[in-house]
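Heads up, the thing below is written out as structure tokens.
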Amino acid sequence: MGFVPTMGALHQGHISLIKQAQRESEVVVCSIFVNPTQFNDPKDLAQYPRPIEHDIAMLESVNCDVLFLPEVHEIYETDQKWTIDLGGLDQVLEGEIRPGHYQGVTQVVKILFDIVQPDKAFFGQKDYQQCLVIQKMVALLKLKVHIVVCPTLREADGLAMSSRNVHLSAYERSQSVALFQALKLAHEAFESHSIEEIKILASNYLKASPGIALEYFQICRGDTLEAAVSKEGRLVALVAARLGKTRLIDNMFME
Ligand code: AMP
């Protein structure tokens, strides 16, 4: 059984995970659950898009076997407390800006795994830190599920597909490609420049892009997300920025 957990507002990025799951499993389960415990901003939770009819039609169009669409009270039957030591992975980058976010993510994914009991679960590289956090939880709790990380699907201009992209105004949408451009810039400069120079180059590019409020541009070790101090091993550049009220993240391996 292959499992694709989502928060709905499905797009082709989600569908690519379902197709990958179909290639590797006999039965594919997709869940749609907007998880309240991973939101630290109640407004963000309230405004999260929930086009369920559209989502069902998309899942039907790719013959996804099962949609699991639980209510909040079914997932959180009792007021369980949850804390897991993620070894600091939940304290940096997204975890620093969104305190408690990865505790909420691991909490819901553990509950979903317990209910669905998949052999494999498919996650998008788009949420790179989330992939590491889930892998860490699986290792810590010795869960019998194999985590498959799938590539990021992008719009034609490079913007990573995201359920949040619907909130972008036409102007913000046109500016949003700067995140991908900055990652590409870093990738192209990787051979010839130092890590510090690349960070400055990419950050300056984003700071000079109208409509973009940069939160971070970091180059980290791909396994621990510690700031990279040398070019050894697999490095990943991660970026987060706000466009108006919408917050976008993206990342790219530096190879
Ligand atoms: P979400 O509904 O945003 O929680 O995402 C559900 C799953 O889809 C997560 O594993 C995401 O990483 C993945 N995902 C989101 N956007 C993309 C994308 N553009 N390409 C591939 N996977 C994605």
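Side chains included, hydrogens not; waters and symmetry mates left out as well; all remaining heavy atoms used. Quantities reported herein were computed from a predicted structural model and do not represent experimental measurements. Each ligand, and each atom within it, is numbered from 1 in the order the structure gives.
- Only backbone heavy atoms of Pro5 (N, CA, C or O) come within less than 4.0 Å of ligand 1; its side chain stays farther off.
- Nearest-heavy-atom check against atom 23 (C) of ligand 1 across Lys126, Arg154, Gln130, Glu155 picks out Lys126.
- Every atom of ligand 1 is numbered from 1 in the order shown, and the set under 4.0 Å from a heavy atom of Pro151 is 20 (N), 21 (C).
- Close contacts between ligand 1 and Phe123 involve ligand atoms 10 (O) [criterion: under 4.0 Å to a heavy atom].
- Scanning both residues, Phe190 and Ile198, for their nearest heavy atoms gives CA-CD1, 3.6 Å.
- Ion pairing of Lys136 with Asp90 is absent here, as no side-chain N (NZ or NE/NH1/NH2) approaches a carboxylate O to less than 4.0 Å.
- Around CD of Glu255, the count of heavy atoms belonging to other residues, nucleotides or ligands within 6.0 Å exceeds 12.
- Under a 4.0 Å N-O distance rule, the pair Glu232/Arg221 does not qualify as a salt bridge.
- The Leu17 neighbourhood of ligand 1 comprises atoms 7 (C), 8 (O), 10 (O), 13 (C), 22 (N), with distances under 4.0 Å to a heavy atom of that residue.
- Against a heavy-atom cut-off of under 4.0 Å, Met7 is close to the following atoms of ligand 1: 1 (P), 2 (O), 4 (O).
- There is a side-chain donor-acceptor pair under 3.5 Å between Tyr76 and Asn35.
- Minimum heavy-atom separation, Pro210 to Gln175: O-NE2, 2.9 Å.
- Not a single heavy atom of Cys131 lies less than 4.0 angstrom from ligand 1.
- Salt bridge status for Glu155 with Arg173: absent, with no side-chain N to carboxylate O gap under 4.0 Å.
- Per-residue contacts place Met161 under 4.0 angstrom from the following atoms of ligand 1 (heavy atoms of the residue considered): 16 (N), 17 (C), 18 (C), 19 (N).
- Comparing heavy-atom distances from atom 12 (O) of ligand 1 across Asp127, Ile134, Val108 singles out Asp127 as nearest.
- If you check which protein heavy atom lies closest to atom 10 (O) of ligand 1, you get Gly124 N, 2.9 Å.
- Checked options His101, Gln103, Gln107; the residue passing with Thr37 is Gln107 (criterion: side chain to side chain donor-acceptor pair (under 3.5 Å)).
- Scanning all protein heavy atoms for the shortest distance to atom 5 (O) of ligand 1 gives His14 NE2, 3.4 Å.
- The protein non-hydrogen atom at the shortest distance from atom 20 (N) of ligand 1 is Leu153 N, 2.8 Å.
- Atom NZ of Lys231 sits in a crowded spot, with more than 12 heavy atoms from other residues, nucleotides or ligands closer than 6.0 Å.
- Contact annotation: Ala9 has no heavy atom less than 4.0 Å from any atom of ligand 1.
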